[in-house]
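What you see is a predicted model, and the numbers here were worked out from it, not measured in a lab.
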Amino acid sequence: MLFDKKLLFGGLAMIAVGVIGSLYMDSILPTGMSGMTDEAKFLLEQEQRQVFDISTLFGILWGVGFLLVLISFGTTRRKKDGGIKKLTKKPET
């Protein structure tokens, strides 16, 4: 195999959770209306900030998953036979 299965599938799972979570958070972003009071505007701003922060965490999760996928391809080493045989010296008589 040219990749580490555990790292690859773990990274793909993290990417999937990150992307789905980010899309969900973007879909539930609260919006304001005209004629809102100052208190309602403040609460709306707090809710929007919370959603944005959680979306950022999902983005970080996506990024770490991507790095794990990249690392999974570099963790295994190929066997390098190359046709070279070890030579042993014969004792001189």
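- Put simply, Leu43 and Ile54 are part of two different groups of oily side chains (I, L, V, M, F, W, Y) that touch within less than 4.5 Å, one to the next.
- Residues Lys41 and Met36 approach most closely at CE-O, 3.4 Å, considering heavy atoms.
- Val17 and Ile28 fall within the same hydrophobic cluster, where Ile, Leu, Val, Met, Phe, Trp and Tyr residues are linked whenever their side-chain heavy atoms come under 4.5 Å apart, directly or through other members.
- When all heavy atoms of Leu7 and Ser72 are compared, the closest pair comes out as CB-CB, 3.6 Å.
- Inter-residue side-chain proximity for Ile15 and Phe66 is flagged as met; some heavy-atom pair is nearer than 4.5 Å.
- Taken to the nearest 0.5 Å, the CG atom of Asp4 stands 10.0 Å off from the CG atom of Leu68.
- Residues Val19 and Phe52 are members of separate hydrophobic clusters, defined by side-chain heavy-atom contacts under 4.5 angstrom among Ile, Leu, Val, Met, Phe, Trp and Tyr.
- A pairwise comparison of heavy atoms in Ser22 and Phe58 identifies OG-CB, 3.4 Å as the closest pair.
- Panel note: side chain Ser55, backbone Val51; no donor-acceptor pair is recorded below 3.5 Å.
- Annotation: side chain of Trp62 is not in contact with side chain of Met14 (no heavy-atom distance under 4.5 Å).
- Counting Ile, Leu, Val, Met, Phe, Trp and Tyr side chains that sit under 4.5 Å apart, directly or through other members, Ile20 stands alone, with no cluster partners.
- Atom CG of Leu70 sits about 14.0 Å away from atom CZ of Phe3, to the nearest 0.5 Å.
- Within the model, atoms CG of Leu44 and OG1 of Thr31 stand 7.5 Å from one another, a figure rounded to the nearest 0.5 Å.
- Of all the heavy atoms in Pro30 and Gln48, the pair that sits closest is O-NE2, 2.9 Å.
- With rounding to the nearest 0.5 Å, the separation of CE in Met25 from CG in Leu29 is 10.5 Å.
- A salt bridge links Arg49 to Glu45: at least one charged side-chain nitrogen sits closer than 4.0 Å to a carboxylate oxygen.
- Phe42 pairs by the ring pair (Phe, Tyr, Trp, His ring centres under 6.0 Å) definition with nothing, not counting sequence neighbours.
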